[in-house]
Protein chains: 2
Amino acid sequence: MSARAYLVDDDEAIRDSLGWLLESKGVACLAYPSAEDFLAAWTCELAGCVVLDIRMGGMSGPELFEQLRQRGSQLPVIFLTGHGDVPMAVAAIKKGAFDFVEKPFNDNELVDRVVAAIETDTRQRSAASSLGSTQALLARLTQRERQVMELVLAGKFNKVIADELNISMRTVEVHRANLFEKMGVKTAVELAQRLSALGER
Amino acid sequence: MSARAYLVDDDEAIRDSLGWLLESKGVACLAYPSAEDFLAAWTCELAGCVVLDIRMGGMSGPELFEQLRQRGSQLPVIFLTGHGDVPMAVAAIKKGAFDFVEKPFNDNELVDRVVAAIETDTRQRSAASSLGSTQALLARLTQRERQVMELVLAGKFNKVIADELNISMRTVEVHRANLFEKMGVKTAVELAQRLSALGER
DNA sequence: TCGCCTATTGTGGATAACCGCAAGTCGCGC
DNA sequence: GCGCGACTTGCGGTTATCCACAATAGGCGA
């Protein structure tokens, strides 16, 4: 799925003109006449950015934004609004909207922002995929291995770990070796550093 | 230095009324008639938040904000503006302003935001001081200890470290023990986790 | 010059980590 | 029932870590 700008606006004239504008600048677009339509089509694979009208029949722009975030989407959202509302703009940006643009807008400026938003999404996705691979490794661990890992990361000795889990030291050693193997590390320090990358989010 | 709201506005009437409002709600204030005056008084010890008019004679609010950030201040800034300017609000929030409020404002709402800003600053400072203490510990290490620490964090064996630094294993052990002592940790894993907190910034 | 800190090294022993080999139980799906 | 994977344990040996005791050497301020 390549990166696109997803236009959500209930005004067909806007969809058409904005779509044409972006396409003419080399930005692929898909247009939706309502927030509900876009939400129905949305999957976490959709890459690019969303250009979203504030006021629409049915679900409003901010509501759709909220829904997307609740579904875990990190897609950059650019709001379009026809009536300069400072509190709404402030609230949107504070909630993590990528931008907030008043209509009528300068064509080049909007295209620039859309392009910047798409680039941001692309960067986020590549960063997330490297973290994701670590998480994929993590997912392959068995229950016991995960338990042992946590205690290892707590800096505890195998002896102590064995005690806390009520198993023999030898068993701890086996789990430890297995989880190191699965995580592709050779020492506990490497493991700690690999995982700290996740915590930074 | 206790936390205060620092009011910067060239309108004496606003300074007085706002100061009175905040003081009446238990928020200590200091008022400055210009951005230059506040900047001259500013030190990184000042804690609390800044309430800043956008338009002032001399340096503008956004300019002062920029100056503060360049000086490394993380002080939350609340902008006050008399003329709803969406692009300016968006730009300010994206640059990290705490809030952007239009005049005339609702008294209680503004007080709430000032209080929230001060709380944010307080939290930031306590978090920063705990990181700072780690950095202080780091600063107490000797050259060799630092070198050894890096190699330890690279997950290398004492034997390898000794080899790379062209010293004996025993010496590495000594440095290792000393640096663990100075950093207040007992294992390499703890050290890695302590330091990863710095990386998250 | 004396004392303190840093850096260095050695010996030897206690403790912990790491590993191959071997083997037992348990639950689950074919 | 059989095989597979997760979990379990023991034995014995190698390697690494951790530490106490002991000692040498250079730099630097009192």
Side-chain angles (χ1 to χ4, degrees), chain A residues 131-199, chain B residues 129-199:
Chain A
L131 290 185
S133 67
T134 298
Q135 289 188 311
L137 292 179
L138 223 46
R140 287 177 44 220
L141 298 181
T142 65
Q143 297 272 299
R144 273 308 204 202
E145 284 163 356
R146 230 185 302 280
Q147 291 173 356
V148 170
M149 185 182 73
E150 284 179 22
L151 296 172
V152 166
L153 290 178
K156 297 182 177 173
F157 294 135
N158 286 352
K159 189 208 285 190
V160 180
I161 296 173
D163 209 54
E164 291 192 21
L165 295 181
N166 284 310
I167 54 181
S168 77
M169 243 184 77
R170 186 66 187 86
T171 307
V172 174
E173 291 176 51
V174 173
H175 287 317
R176 185 178 179 134
N178 289 339
L179 82 89
F180 278 15
E181 161 87 55
K182 287 184 182 176
M183 296 299 292
V185 297
K186 293 217 304 275
T187 70
V189 176
E190 285 179 61
L191 182 63
Q193 292 181 336
R194 177 75 63 95
L195 292 182
S196 76
L198 285 180
Chain B
S129 74
S130 71
L131 289 185
S133 67
T134 299
Q135 289 187 312
L137 292 178
L138 226 44
R140 289 176 44 220
L141 298 181
T142 65
Q143 297 274 301
R144 273 307 203 204
E145 286 163 355
R146 231 184 303 279
Q147 291 173 358
V148 170
M149 185 182 74
E150 284 178 21
L151 296 172
V152 166
L153 289 178
K156 297 180 178 174
F157 293 134
N158 287 350
K159 189 207 285 193
V160 180
I161 297 173
D163 209 56
E164 291 192 21
L165 295 181
N166 284 311
I167 55 182
S168 78
M169 239 184 79
R170 188 63 188 87
T171 306
V172 174
E173 290 177 41
V174 173
H175 288 318
R176 184 177 179 134
N178 288 339
L179 82 87
F180 277 16
E181 160 87 52
K182 285 184 183 176
M183 297 299 293
V185 297
K186 292 216 304 273
T187 70
V189 176
E190 283 180 61
L191 182 62
Q193 292 182 335
R194 177 74 64 94
L195 292 182
S196 77
L198 285 180

Please tell me if [X] has a side-chain N or O lying less than 4.0 Å from either OP1 or OP2 of [N].
{"X": "B:Asn158", "N": "D:dA16", "answer": "no"}
{"X": "B:Thr171", "N": "C:dT9", "answer": "yes"}
{"X": "B:Arg144", "N": "C:dT8", "answer": "yes"}
{"X": "B:Thr142", "N": "C:dA7", "answer": "yes"}
{"X": "A:Lys159", "N": "C:dA16", "answer": "yes"}
{"X": "A:Arg170", "N": "D:dT8", "answer": "no"}
{"X": "A:His175", "N": "D:dT8", "answer": "yes"}

Minimum heavy-atom distance between A:Leu191 and A:Phe180, given as atom pair plus value: CD2-CE1, 4.0 Å
Minimum-distance pair of heavy atoms, taken over all atoms of B:Arg194 and B:Val185: NH2-CG1, 4.4 Å
Comparing B:Glu145 and A:Arg176 on DNA chain C - which has the more 5′ nearest nucleotide: B:Glu145
Pairwise side-chain contact, B:Leu138 with B:Met183, heavy-atom cut-off 4.5 Å (strictly under):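 When only atoms from C-beta onward are counted, B:Met183 and B:Leu138 do touch, with a gap below 4.5 Å.
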Side-chain heavy-atom pair A:Leu165, A:His175 within 4.5 angstrom cut-off: no
Minimum-distance nucleotide to A:Ile167 side chain [options: C:dT9, D:dT9, D:dT17]: D:dT9
Mind calculating the distance between [atom1] ([X]) and [atom2] ([N]) to the nearest angstrom?
{"X": "B:Leu151", "N": "D:dT17", "atom1": "CG", "atom2": "C1'", "result": "17 Å"}
{"X": "B:Leu179", "N": "C:dA7", "atom1": "CG", "atom2": "P", "result": "11 Å"}
{"X": "A:Asn178", "N": "D:dG5", "atom1": "CG", "atom2": "P", "result": "13 Å"}
{"X": "A:Asn166", "N": "D:dT8", "atom1": "CG", "atom2": "P", "result": "10 Å"}
{"X": "B:Met149", "N": "C:dA7", "atom1": "CE", "atom2": "P", "result": "14 Å"}
{"X": "B:Gln143", "N": "C:dT8", "atom1": "CD", "atom2": "C1'", "result": "16 Å"}

Between CD1 on residue A:Ile161 and CD on residue A:Gln147, distance to nearest 0.5 Å: 11.0 Å
B:Glu173 (side chain) and D:dC19 (base): donor-acceptor pair under 3.5 Å: yes
